[in-house]
Enquirer: 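The structure that follows is given in the form of structure tokens.
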There are 2 protein chains.
Amino acid sequence: MSNMQDIADKAGVSRATVSRVLSDHPSVKAATRKKVLHWVKELGYEPNLIAQSLAGNSTNIIGVIVPEIAYPFFSEIIEAIESQAFYEGYSVIICNTNRSLEKEKNILTGLNKRKVDGIIAVPVSTEFSLNSYRKLNIPVTMITKKVEGFHSIYISHYRGGELMAKHFLSVGFRKIGYIGPVKKSTSAIKFQGLRDYLLANGIELTDVIECDPPANMNATGVSENVKNYILVRGIQSEVLLANDDISACEAISALQMQGISVPHDIAVAGFDNSLLAREMNPKLTSLAQPLEMIGKKAVEVLLDQINYHTQPQMYEMESRVVIRESTVSWNVQQS
Amino acid sequence: MSNMQDIADKAGVSRATVSRVLSDHPSVKAATRKKVLHWVKELGYEPNLIAQSLAGNSTNIIGVIVPEIAYPFFSEIIEAIESQAFYEGYSVIICNTNRSLEKEKNILTGLNKRKVDGIIAVPVSTEFSLNSYRKLNIPVTMITKKVEGFHSIYISHYRGGELMAKHFLSVGFRKIGYIGPVKKSTSAIKFQGLRDYLLANGIELTDVIECDPPANMNATGVSENVKNYILVRGIQSEVLLANDDISACEAISALQMQGISVPHDIAVAGFDNSLLAREMNPKLTSLAQPLEMIGKKAVEVLLDQINYHTQPQMYEMESRVVIRESTVSWNVQQS
DNA sequence: ATGAAAGCGCTAACAA
DNA sequence: TTGTTAGCGCTTTCAT
């Protein structure tokens, strides 16, 4: 593997000049530049980014921290981040917190030692994680959650709940239920949006099936909860909004097992518009978060922060309802 | 941010000694070690990994190359890789080829310049990618495909096809069909396994719906193909094996639209045992590739290669059929 | 327009 | 057991 000195020797110039050529410094005679570039190509020279990082002081690496890489919602964001980062000449180190504060801390010190230029993160907790991030003293952009004091990119879950409510009403539903966390969790906010919008239209939620926020991809609590609810109280609603697509699928499964068919007997909508929503049977109406845009924007905001030290800012992204079989064929059958 | 010299000064020793303490070199007097560690803690010193990399010569970074990060199959492997890598003290840079040979090349030179210690890759092509990997001269472990000349970790698709065939027979199916690529593609091999096993049992495939291998997650060609096939020839089979879970979902959708209900009228099985299989309605019988094990093994094999320069070896992993509603309730109804 | 030289923060012979 | 010294490969002032 050749290094800068080799090029310098061959071209009969100093390393400094080679460096200038490679970084497009203006003050290099055309002839010299040509000579250098010739040997760069001839020797197949590739700069050593480690050395560059040590000498200059940017690694062109950004760290990405998520609770669960394989959760479709996150993996799609990761893909968008990687894509934009690659485009901007950055590499991406991904880290999985597994929702553990301790692991998150380890990850942060790791990234710090690696001298990453910045971090895009879904913090484990908006309460207990933040100090670790602050102490880092490197640019951080938070995603999917609104975090005071940090650049944050997220969608309004409240607005999402409202949009779903609006859709339900427009389809003609009047008895509406909800499945998911009701307090504390970020995702519970969509519950409020849903409820408030309906209340403003004189409608109260018919069923509220409270579930913990999804702990991870394999959590199957929802199905149990729905089943119990059905057995104990029965379901009055014409449509149910589930906290996310997985919950929606779980709910559908539980409903079917109790002999309630979706969307024939009851409609169900999800949240996230993940692969599941697209492929589920019936195909799920779901609130689409602009995941690609979140990822892309996150990189842009982070790079701005890195390069221009911008002040923390909130970016609320627009979401939209993607309408599919799980809520509309019900309507069709009614008409 | 303090550096090694700061520690050395405070502790009244040389940088070399500090270095020794930090790397657990045996020949350091206990008292000295204690003194140094005291100041390390006191100053909150954290070694600069960039400098370490430049001086030593390992970055403790491994590159991971996949065709599509957000494809559940890959994202689950990535998660497993990250987990094991983290455990071993390595960071993971992930890269998305998007199935483009050109992007793959760019990624490889990028990782090379970054001096990653090794690469775990799903090559874009087992035909045209390999040279780029070879020229790299750094350890590479291939996953999900058997690639001559490289450490490879994969499951036998052939065996997978056989296992499915066996399952079908045991459930009592005799008319069996297949949906997916028939030639060329890696995944077409499962077709052969299925067919051969059945032939050995005196059974010929009833329907073969040829489809291109899935180009990416959003490809919906399968649904179209199935629909056309139904319209043109009709389906005779009692059960269909789809090339992957997504195809299975697509097929189910197409079947339902033609008034054929799954699993009531026909059974369907998938391949990969992804989230989709678990959540789909009906829940999908699917061939589970041990994704977590593939990821973990990949890291282990790569590290062996890095540390002991092991010779290329093939690791064929065991897969298993996960039986769910989509194939068994059919049987129940028959009995 | 170019070169000389001093680092960036660490590791690892080699000496002592 | 510890210190000295010479790099690792590059960038970047400061001269010239």
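Chain naming here is simple, since letters A, B, ... match the order of the sequence lines and numbering starts at 1 in each. No experiment lies behind these values; they were computed from the predicted model shown.
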Enquirer: Output yes when at least one side-chain N/O atom of B:Thr17 is less than 4.0 Å from OP1 or OP2 of D:dG3, else no.
Expert: yes
Enquirer: Please figure out whether B:His25 or A:Gly56 has its closest DNA chain D nucleotide nearer the 5' end.
Expert: B:His25
Enquirer: In whole angstroms, how far is the C1' atom of C:dG9 from the CG atom of B:Asp6?
Expert: 11 Å
Enquirer: When you check the gap from the basic side-chain N to the acidic O, do B:Glu42 and B:Lys10 get nearer than 4.0 Å?
Expert: no
Enquirer: Check this for me, if you would: do A:Asp24 and A:Arg33 make a salt bridge, where the nitrogen-to-carboxylate-oxygen distance has to be below 4.0 angstrom?
Expert: yes
Enquirer: Considering only side-chain heavy atoms of B:Asn3, which listed nucleotide, C:dC10, C:dA4, D:dT1, is closest?
Expert: C:dC10
Enquirer: Figure out the CG/P separation between B:Asn60 and C:dT11, and round it to whole Å.
Expert: 12 Å
Enquirer: Kindly indicate whether the side chain of A:Arg20 and the base of D:dT11 share any N or O donor-acceptor pair separated by less than 3.5 Å?
Expert: no
Enquirer: Round to a whole Å and report the spacing from CZ of A:Arg15 to C1' of C:dA5.
Expert: 9 Å
Enquirer: For D:dC10 and A:Ser19 - does any side-chain N or O of the residue sit under 4.0 Å from the phosphate oxygens OP1/OP2?
Expert: no
Enquirer: Would you call the rings of A:Phe74 and A:Tyr71 parallel, tilted or perpendicular if under 30° counts as parallel and over 60° as perpendicular?
Expert: tilted
Enquirer: Parallel, tilted or perpendicular for B:His151 and B:Tyr315, by the 30°/60° rule?
Expert: parallel
Enquirer: Check this one for me: any side-chain N or O of A:Gln52 less than 4.0 Å away from OP1 or OP2 of D:dT11?
Expert: yes
Enquirer: Could you state the NZ-C1' distance from B:Lys35 to D:dT2, rounded to the nearest angstrom?
Expert: 11 Å
Enquirer: Is the phosphate of D:dG9, meaning OP1 or OP2, less than 4.0 Å from a side-chain N or O of A:Gln5?
Expert: no
Enquirer: Can you tell me the distance, in whole Å, between the CG atom of B:Asp24 and the P atom of C:dA12?
Expert: 14 Å
Enquirer: Report which part of the nucleic acid B:Thr32 touches: base, sugar-phosphate, or nothing (heavy-atom distance under 4.0 Å, all strands).
Expert: sugar-phosphate
Enquirer: In whole angstrom, give the distance that lies between atom NZ of B:Lys29 and atom C1' of D:dT2.
Expert: 9 Å
